[in-house]
Every structure is written in structure tokens, then in C-alpha cells.
There are 2 protein chains.
Amino acid sequence: MNTPTDPNLLDLFKTLGDAERLKIAGLLANEPLSLTELSQRLELPLNDVSNHLAHLEAQGLLQKEGDAYRLAAKALEQKARAVLAQSHPKVKSDDFEGDDYDRKILSSYIAVDGSLKSIPTQHKKLMVILHHIVKQFQPGIRYPEKQVNEILRRFHEDYAALRRYLVDNRLMAREKGEYWTL
Amino acid sequence: MNTPTDPNLLDLFKTLGDAERLKIAGLLANEPLSLTELSQRLELPLNDVSNHLAHLEAQGLLQKEGDAYRLAAKALEQKARAVLAQSHPKVKSDDFEGDDYDRKILSSYIAVDGSLKSIPTQHKKLMVILHHIVKQFQPGIRYPEKQVNEILRRFHEDYAALRRYLVDNRLMAREKGEYWTL
DNA sequence: AAATTAATTCGATGAATATCTAATTAATTT
DNA sequence: AAATTAATTAGATATTCATCGAATTAATTT
């Protein structure tokens, strides 16, 4: 069962993604209205309004006052925040986990946009970087070279070098122009 | 033509109200991905992903980086704010317009939740209040008494008194148990 | 209690649209 | 330039879901 507070974004968007329901929400944002009043204002049959209200209510978007409904602004606010939270590219936890050394290398070589400032020459540092980069590839999927290049280019324009390093160090394998992780 | 910035909430909710598109948005919130990559991750045919991306793009939700897409977090943020703005019961402009005297009376008699603190005894003050209340009724609509009571009760528990005042002062008319504004 | 009105529920119809197949166009690679 | 691959577009099918009609239940009024 769905509590109104659990952020099922999909259903929320679905219920708000209907013209009539959005109108209803709009009206109820400004003034409380009863079922009958809504029906009159929108010139919509009573039963349909009732159904629409049920949808909105299921999303925890309404609060009842007597027999009038009002938009639960607080609830909506929370949900809007949930959307923002999800949309903000939170640095994935495993991106910078690992030991202190790794974290230090990563943060010094990787720019805010995720790209490489430069390719390390020291082998130990290089390995840290390569292990970070190889996470971009899904295990079990075979990537054509062109796509590998695309992905690597996001890190550094010399994608060919990165590709070679990855293979040489056995982080990825290649066969007939296809690559996969090991 | 719709600029991506104009807040057409309905279309926004519609595009986000599809499971696949929401997944896509979710993925692109955390990392940039190309069309092909998305297709692989979601195990969805390429052409459909292309269409979904077109939808998202039409809402100004994407920004392109090379051939990878990323969720336009800023844009989404703005839109979320737009939602909040609409949802907040902004005191309707005409609620407190009119001359200074009216405004003064209204603000002294009407509580934050819109209800009446008390019913004025002075006729002049009463008229101000009644004119404010009568705006709750749509011109041209005939309301059964029960509904009139409901609406008036939001202002004061003695809805019968309000109803009588409204009729006596010719702000509303009644016939056979139905009321309407004049 | 009977009758009226309000509100919900059920089933069927229709419209919108996601999904699928196929064809077309655009871009890259050899 | 030919050929391969990537991406878009077009059309057909299927599914989802709002809308409509009616019946049912619940609540108020007389």
C-alpha cells in the first residue's frame, strides 16, 4: 500500500498529467470547493469529478474541510522537493568510495564536470583513474569501438590512449572491434 | 509556439507521466548518456528512445553534450518552482482591491483562513463584508439553499444570518429554494 | 419512513498515445 | 564512393484511461 508521502513520482505525474485534474488542482489551490461546486465550475459530470478527486486524494494532494476540498500545498511542496532531490546529480556514492589514496587521486584528477584534467603518467595513479573510468561500462554488454570512444571522450580527448590503457591493463577485453569489461 | 520556459504544466506532467521517460530522466539526472546507451540500459528499441527524448527535449528538460544527453536540472528546478507558485493560494488580487476603507474593514474582519472573525453590526461595514462574500457565487448559476449554506458556513457558523443579509440587501435573490447573484 | 438529493461505483465506448514493424534519412567508416 | 551504422520518421497495432450512461449506495430533507 502506498502512503501518500512515499514519492511515487510516476503516479504523481500521471495524476497531474490530465487536463481536468490539473484544472481541479488549480482551482483548489486558490479556494476550497465542494464536489458539486467543482462539477458546476468545470461543467463536468459529477461522477467524473468524483473520480478525479479520488485520484488526487490517492496522491495525498487534497485535504478535506467539511465537504469542501483544498489543495494540500504542503504535500505538493514536499513532492516538488523530492523531484529536485532526484534530479540533482548527487555524486554517486561509489564514485568516490574506496580508500583515502584513491579518493585523493580522483579528486585531484577529475574536474567538476567529471572529465579528466590530464592522464596520469605514474602507473599507480593511472590505475586508480582507469578503475574509475571502467565503471562507465555495464558488465555483460559488448560495446562497439565507436561507442567506447564516445564514452571515453567524455573523460579525455585522447580517448584512444585511454582505450589502449584499459585493454593493456586487462580492465577491458577486445575482440573483432567489440569491447567488454572483465 | 511553446518556448521551453513557458510553464505549460500539463504537458510537462504528461511527458514525465510515462514510465520509460521518467526512467530516462532519472538516468540522465545522474550521468550523461547517449541515445544508444539509453537504448541498451533500458532494453528499449532505439526509435522509441529517440521519440521519448524528443518529448523530454520539447519540454526543455534536456541539454546535449556531444551526443550524450543530460537532464537540465536548472530547467527542472524552475519548473518545480512554477508548480509551487501556482499551488500557493495567492490572495486573489480582487479580494482586497477597492478603496482604502473597504480594505481596512476586510483585513480587520477576515482571518487568515478567509473566515469571518465576527459579523459586523454597523450597516456600512456589513455591506463591505457582504460584497466580499457574494463573490463566492458565480453569476448565472442557481444554487440550492443547501449549497448556499455550505459556502456561507466557510465564513461564519451563522450562515443563516449571512444568507438573510445577502437577500435583504439585494445582493442575492431567492425563488423556490434557489439562490443566485444579482 | 418516504422521498429527494448527493456521491460513489460499475461497465462500455472512444480517444489518445506508447509500442512495434518497417522504411527513410543522416552520418561514419572503410 | 560504397557500405555500414546511427538516428529519425511513418504507419499500424495495442493498451491505457478518460469520458459517458446507468445503476447503486449514502446521506438529507420533508
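First the proteins, then the strands, lettered A, B, ... as listed; each starts at 1. The model shown is predicted, which means the values in this text are computed figures rather than measured ones.
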Quick one: A:D11 CG to D:dT16 P, roughly how many Å, whole number?
14 Å

Between CG of A:N51 and P of C:dT8 the distance, given in whole Å, is 9 Å

Is there a side-chain contact between A:L12 and A:L61 in this structure, where contact means two heavy atoms from C-beta onward sitting under 4.5 Å apart?
yes

For the residue pair A:L56 and A:L71, establish whether any side-chain heavy-atom pair is separated by less than 4.5 Å.
no

Quick one: which of D:dA18, C:dT8, C:dC20 gets closest to the side chain of A:H55?
D:dA18

Any side-chain donor-acceptor pair under 3.5 Å between B:Q63 and B:Y69?
no

Between A:L62 and A:L28, is there a side-chain heavy-atom distance shorter than 4.5 Å?
yes

Any chance you could list the contact pattern along nucleotides 22-30 of chain C? Use B for base contacts, S for sugar-phosphate-only contacts and - for none, protein heavy atoms under 4.0 Å, 5' to 3'.
B-----SS-

Give the rounded distance in Å between these two atoms: CD of B:E43 and C1' of C:dA18.
18 Å

When rounded to whole Å, the CG to P distance for the pair A:L53 and C:dT8 reads 8 Å

Calculate the interatomic distance between A:L42 atom CG and D:dA18 atom P; express it in whole Å.
15 Å

OP1 or OP2 of D:dT9 less than 4.0 angstrom from a side-chain nitrogen or oxygen of B:S50, does that happen here?
no

How many angstroms lie between atom NE2 of B:H55 and atom CG of B:L16, to the nearest 0.5 angstrom?
12.5 Å

Side chain to side chain contact (heavy atoms under 4.5 Å, CB included) between B:D158 and B:L152, intermediate numbers included
CA-CA 8 Å; B:D158 191 357; B:L152 294 180; over 6 Å; no

Would you mind reporting whether B:I129 and B:I119 have side-chain heavy atoms less than 4.5 Å apart?
no

Should B:R163 and B:E145 be marked as a salt bridge (charged side-chain N to carboxylate O under 4.0 Å, His left out) after you check the CA-CA gap, both sets of side-chain angles, and the distance that decides it?
CA-CA 9 Å; B:R163 201 187 54 218; B:E145 178 165 304; 3.5 Å; yes

What's the verdict on salt bridge (charged side-chain N to carboxylate O under 4.0 Å, His left out) for A:K64 and A:E57, showing C-alpha distance, side-chain angles and the deciding distance?
CA-CA 10 Å; A:K64 225 174 169 183; A:E57 196 159 34; over 6 Å; no

Using whole Å, report how far CG of B:L38 lies from P of D:dT8.
12 Å

note: B:D67, atom CG; D:dT8, atom P; distance rounded to Å ~ 10 Å

Watson-Crick and G-U pairing of DNA chain D written in dot-bracket, each distance under 3.5 angstrom, with | for inter-strand partners
||||||||||||||||||||||||||||||

When you compare the side chain of A:L130 with that of A:N169, does any pair of heavy atoms fall below 4.5 Å?
yes

To the nearest 0.5 Å, how far apart are CG in B:L44 and OG in B:S50?
11.5 Å

For DNA chain C, find the residues of residues 12-22 of chain B with a heavy-atom distance under 4.0 Å and give them by number; none if there aren't any.
B:K14, B:D18, B:E20, B:R21

A:D48 has an atom CG; how far is it from atom C1' of C:dG14, in whole Å?
13 Å

